[in-house]
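Reckoned from all heavy atoms, side chains included, excluding hydrogens, waters and symmetry mates.
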Amino acid sequence: MTDSENKPAEDAKPDEDAKPADSAKPAAPHEDDTLPDDFEPLTVTYERLRHSSDPAELSSFARTPLPDRADQAAFSRATALLEAVAGNEHTPVEDRIFLGETMPFPNILVKLSSDPVADVRRAVAGNKADKNWLVGRLTKDPVPEVRDAALLNPRTSWKMRLEGAQNPDVDAETLDFLGKLGTELEPDAPGVLASMVRRAVAGNPNTTPETRARLAQDPSGEVARQARRWIESHG
């Protein structure tokens with residue numbers, strides 16, 4: 001056997017300077033290890049609040065200020081949980097009204113817009129953060145106070161305002177409001193649409209004599225003529 005055959009291969013020598021393989025490094029702590037012991041996943045907390053019968057717990061969630069928007073994860077979690085609170089009939093009525101008046105989030109307002117308590121729906125109807133389709137839906141509510149609050153909301157579409165102005169079940173105060181659109185109120189409103197609403201108010205049987213007398217002097221000829229025709233035919 002030659003000397004070269006007896007010589008160990010160089011790559012078989014142990015490398016004293018070699019570093020341990022990455023697999024030998026201690027594993028980094030998992031992100032979940034930093035969570036508090038009592039942390040609940042969002043879906044678990046959502047379902048618990050949705051089915052909770054504890055008014056105090058639900059009220060606490062309803063009244064807790066939202067996290068700063070800069071903390072997107074916490075903010076999104078809080079608004080999602082408020083949806084569960086809003087849809088739970090065990091949440092005290094005054095808290096549901098509070099959410100209906102103050103929340104700008106469609107997922108919460110949609111829940112509250114079908115609340116069995118009319119005062120909650122009325123709070124949503126008057127919320128200026130409503131989407132126009134939502135407030136428009138509330139102009140069809142079976143309770144007059146809810147319908148009227150929706151018609152007074154500036155988010156209501158002109159189509160819904162016109163239908164409200166034509167509806168003889170709408171109260172006189174709301175009709176007086178609609179009869180000022182484009183003149184005393186919202187002077188920059190689309191002229192044609194605003195005058196169509198005022199003309200409908202002029203011909204609505206529930207409009208008061210005072211409102212109709214004002215419309216008889218309306219800058220729009222069509223509105224003024226409609227009001228005068230009514231006054232002449234009904235005394």
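For the atom pair CZ (Arg161) and CD (Glu186), the distance works out to 4.0 Å, reported to the nearest 0.5 Å. With rounding to the nearest 0.5 angstrom, the CD atom of Glu57 is 5.5 Å from the CG atom of Leu49. Taken to the nearest 0.5 Å, the CZ atom of Arg147 stands 5.5 Å off from the CG atom of Asp169. Considering OG1 of Thr174 and CG of Asp171, their distance stands at 3.5 Å, rounded to 0.5 Å. For the atom pair Leu58 CG and Arg96 CZ, the distance stands at 10.0 Å (nearest 0.5 Å). Rounded to the nearest 0.5 Å, atoms CG (Leu82) and CG (Asp95) are 10.5 Å apart.
Between Ser53 and His90, the closest heavy-atom pair is CA-CG, 3.8 Å. When all heavy atoms of Val143 and Asp141 are compared, the pair lying nearest together is N-OD1, 2.9 Å. Nearest heavy atom pair, residue Asn204 against residue Ala165, reads ND2-O, 2.8 Å. Residues Lys111 and Ala86 approach most closely at CB-CB, 4.3 Å, considering heavy atoms. Scanning all heavy atoms of the two residues, the minimum distance from Ala194 to Trp158 falls at CA-CZ3, 3.6 Å. Minimum interatomic distance between Ala125 and Val146 (heavy atoms only, all atoms of both residues): CB-O, 3.7 Å.
Residues Tyr46 and Glu83 have side chains in contact (heavy-atom distance under 4.5 Å, counting atoms from C-beta outward). Side-chain contact check for Lys140 versus Met160: some heavy-atom pair is nearer than 4.5 Å. For the pair Ser113/Leu138, a side-chain contact is recorded, criterion being any heavy-atom separation below 4.5 Å from C-beta on. Taking 4.5 Å as the limit, every side-chain heavy atom of Phe61 sits out of range of all side-chain heavy atoms of Asn88. Residues Gln166 and Arg199 are not in side-chain contact: their nearest non-hydrogen atoms beyond the backbone lie 4.5 Å or more apart. The side-chain heavy atoms of Val124 and Leu99, taken from C-beta on, include no pair separated by under 4.5 Å. When side chains are defined from C-beta on, Ser195 counts as touching Arg198, because their heavy atoms get closer than 4.5 Å. Counting heavy atoms from C-beta outward, Asn153 and Lys128 have side chains that approach closer than 4.5 Å.
Transitive grouping of hydrophobic side chains (ILVMFWY, heavy atoms separated by less than 4.5 Å) keeps Leu152 and Ile97 in distinct clusters. Linking ILVMFWY residues whenever their side-chain heavy atoms come closer than 4.5 Å, directly or via other members, leaves Leu162 and Trp230 in distinct clusters. Cluster membership for Leu134 and Leu151, using ILVMFWY side-chain heavy atoms within less than 4.5 angstrom, is not shared. By the criterion of side-chain heavy atoms lying less than 4.5 angstrom apart, applied directly or through intervening Ile, Leu, Val, Met, Phe, Trp or Tyr residues, Leu185 is grouped together with Val223 in one hydrophobic cluster. Under the 4.5 Å side-chain contact rule for hydrophobic residues, Trp133 and Val135 do not share a cluster.
A side-chain donor-acceptor contact under 3.5 Å links Arg212 to the backbone of Thr207. For the pair Thr79 (side chain) and Phe75 (backbone), a donor-acceptor distance under 3.5 Å is present. Not a single donor-acceptor pair under 3.5 Å links the side chain of Arg155 to the backbone N or O of Lys131. Thr64 contributes a side-chain N or O that, together with a main-chain N or O of Ser60, makes up a donor-acceptor pair within less than 3.5 Å. When atom types are taken as modelled, the side chain of Arg50 and the backbone of Ala84 share no donor-acceptor pair closer than 3.5 angstrom.
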### Query
Are Glu232 and Arg229 close enough, and set up right, to give a salt bridge (Lys or Arg N to Asp or Glu O under 4.0 Å), and what steps lead you there?
CA-CA 5 Å; Glu232 291 168 1; Arg229 279 196 297 268; over 6 Å; no

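Salt bridge status for Arg214 with Asp176: present, with a side-chain N to carboxylate O gap under 4.0 Å. Between Glu163 and Lys159 a salt bridge is recorded (basic side-chain N to carboxylate O distance below 4.0 Å). Between Glu222 and Arg225 there is no salt bridge, since no side-chain nitrogen of the basic residue lies less than 4.0 Å from a carboxylate oxygen of the acidic one.
Heavy-atom contacts from other residues, nucleotides or ligands closer than 6.0 Å to CD of Glu47 number more than 12.
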